[in-house]
Amino acid sequence: MQLFYSDTFVLPLPPGHRFPMEKYARLRQTLLDEGYPPADFILPEAASREDLCRAHDPVYVERVCSGQLTPEEMRQIGFPWSDAMVERSRRSAGATLGACRAALAQGWGVNLAGGTHHAAHAAGAGFCVFNDAAVAARALQAQDGVGQVAVIDCDVHQGDGTARILEGDASVFTFSIHGARNYPFAKARSDLDIELPDGCDDAAYLAALEQGLADLFNRCRPQLAIYLAGADPYAGDRLGRLSLTMAGLEARDERILAACRERGIPVAIAMAGGYARNIGDTVAIHANTIRCARRHFEQR
């Protein structure tokens, strides 16, 4: 298997910042402690400017890289600007691209970060600088001969940036299942949106997801799926507003990965959000996603 990591590129954040930067290193260490071979963990190349500019405005990319964003633009992103922020953002996008290429070669691949779905064509937002799923999809189509891609976004927040970048692009199908009353409050229009009420539990979530997957696969025949496996629908998440258990989230992973595997669709997984009151819960949810993928794709 190939697990792409970028946790060695750490953003210098002020004390008390709510972004759980440490979860990425803890996730990698959890998997190493379970016996995943060190050789499976790959430090990705940074996404090139050419890659970034297929999804983002070249002027925006340049302004990010040179530190020319305004204070208000940085406030929308939620991080202070630094060279480390730029490098980590590029490496995280490169990790999803690497995971996609691993999936095409062997069925599945994982970015141990990523899922930066609020970044739009010419702006970042919500802890997202560059949109890794849109960058990867466009790069694969331009360089690897991939046709249709599906983005299956199960973060609790709508993938608004992904929807806006890819709006009107029939070669990438965007599906987002998310909390109706959660950030972003001005929703975009994905190819398929399922909005869930506050407090949605396992049974209601899984029923909605199954209907959404049936709709997705009736409407498109992707050569690759990019799965944003957010941990934040969890009942213990500080920013989530839904009420899924860990077992419910694992059942979500099972349904998505089984649906793709049954159809012969390779899957690249990104971790997306997770802000549990106990960071160990977020790490456990992400680790369960990877264990689930390993069970599905190593049975072949």
Side-chain angles (χ1 to χ4, degrees), residues 18-20 23 27 114-118 125-128 133 150-164 173-219 225-260 267 269-293 296:
R18 64 179 180 172
F19 187 76
K23 78 170 184 175
L27 174 59
T116 47
H117 60 167
H118 298 309
F127 306 139
C128 303
V151 179
I152 302 173
D153 190 337
C154 293
D155 191 281
V156 79
H157 307 103
Q158 190 205 33
D160 58 325
T162 312
R164 289 192 169 99
F173 190 97
T174 55
F175 169 33
S176 179
I177 179 169
H178 52 266
R181 298 179 59 216
N182 212 322
Y183 178 91
F185 302 109
K187 300 292 193 287
R189 183 175 180 179
S190 310
D191 292 305
L192 174 60
D193 286 298
I194 296 178
E195 296 195 328
L196 302 169
D198 287 2
C200 181
D201 63 11
D202 291 351
Y205 185 99
L206 293 170
L209 175 65
E210 288 186 356
Q211 182 57 53
L213 291 172
D215 192 358
L216 184 160
F217 291 119
N218 280 334
R219 293 170 60 186
I226 302 174
Y227 171 33
L228 277 61
D232 44 10
Y234 176 52
D237 196 273
R238 291 179 291 118
L239 305 181
R241 303 177 72 111
L242 302 187
S243 296
L244 273 70
T245 65
M246 286 195 190
L249 287 164
E250 192 165 1
R252 171 201 70 179
D253 297 335
E254 288 279 354
R255 282 162 172 74
I256 290 167
L257 295 168
C260 291
V267 182
I269 303 169
M271 297 296 98
Y275 310 90
R277 295 175 183 89
N278 176 357
I279 196 170
D281 289 346
T282 298
V283 172
I285 292 163
H286 287 324
N288 282 341
T289 298
I290 295 163
R291 296 180 192 114
C292 180
H296 273 282

Taking C-beta and beyond as the side chain, do Ile194 and Gln211 meet within less than 4.5 Å on heavy atoms?
-> no

In chain order, what residues pass the side chain to side chain contact (heavy atoms under 4.5 Å, CB included) check against Ala251, with sequence neighbours excluded?
-> Leu206, Arg255

Is atom CZ of Arg189 surrounded by more than 12 heavy atoms (other residues, nucleotides or ligands) closer than 6.0 Å?
-> no

Mind checking side-chain hydrogen bond (donor to acceptor under 3.5 Å, both in side chains) for Asp237 and listing every partner two or more places apart, or none if nothing turns up?
-> none

Output all residues satisfying side-chain hydrogen bond (donor to acceptor under 3.5 Å, both in side chains) with Asp253, sequence neighbours left out; order by chain, then residue number.
-> Tyr227, Thr289

Which pair of non-hydrogen atoms, one from Ala208 and one from Leu196, has the smallest distance, and what is that distance?
-> CB-CD2, 4.0 Å

Applying side-chain contact (heavy atoms from CB on, under 4.5 Å) between Arg252 and each of Leu209, Ile177, Leu257, report the one that passes.
-> Leu209

For residues 239-251, pull every pair meeting side-chain hydrogen bond (donor to acceptor under 3.5 Å, both in side chains), keeping only residues two or more places apart or in separate chains.
-> Asp198-Arg241, Asp202-Thr245, Glu250-Arg295

Where does the angle between the aromatic ring planes of His157 and Tyr275 fall among parallel (under 30°), tilted (30 to 60°) and perpendicular (over 60°)?
-> perpendicular

Report yes or no: does Lys187 contribute a side-chain atom to a donor-acceptor pair with the main-chain N or O of Ala180 at less than 3.5 Å?
-> yes

Side chain to side chain contact (heavy atoms under 4.5 Å, CB included) involving Arg219 - partner list, sequence neighbours excluded = Phe173, Asp191, Leu192, Asp215

Shortest non-hydrogen contact from Leu213 to Ala259?
-> CD1-CB, 4.4 Å

Qualifying residues under side chain to side chain contact (heavy atoms under 4.5 Å, CB included), relative to Ala276, sequence neighbours excluded | Tyr234, Asp281, Thr282

N/O donor-acceptor pair under 3.5 Å between Arg238 side chain and Arg277 backbone = no

Trace of the side chain to side chain contact (heavy atoms under 4.5 Å, CB included) decision for Val151 with Leu228 = CA-CA 8 Å; Val151 179; Leu228 277 61; 4.1 Å; yes

Does the side chain of Leu244 reach to within under 4.5 Å of the side chain of Met246, using non-hydrogen atoms?
-> no

Taking all heavy atoms of Gly159 and all of Ser176, pick out the closest pair and write down the distance.
-> N-OG, 3.3 Å

Between the side chain of Gln158 and the main-chain N/O of Pro184, is any donor-acceptor distance below 3.5 Å?
-> no

From Ile256 CD1 over to Leu216 CG, what is the distance, rounded to the nearest 0.5 angstrom?
-> 10.0 Å

Identify the two heavy atoms, one from Gly115 and one from Ala270, that lie closest to each other, and give their separation to 0.1 Å.
-> N-CB, 3.6 Å

Distance, nearest 0.5 Å, that separates CG of Asn182 from CG of Asp232 = 8.0 Å

Could you tell me which non-hydrogen atom of Ala225 sits nearest to which non-hydrogen atom of Cys260, and how far apart they are?
-> CB-SG, 4.0 Å

Starting from the C-alpha separation in whole Å, work towards a yes-or-no answer on side chain to side chain contact (heavy atoms under 4.5 Å, CB included) for Val156 and His178.
-> CA-CA 5 Å; Val156 79; His178 52 266; 5.9 Å; no

For Leu242 and Gly179, the nearest pair of non-hydrogen atoms, with its separation, is CD2-CA, 4.4 Å

In Å and rounded to the nearest 0.5 Å, what is the CZ to NE2 distance from Arg164 to His117?
-> 12.0 Å

Atom OG1 in Thr116, atom CZ in Phe127: separation rounded to 0.5 Å?
-> 13.0 Å

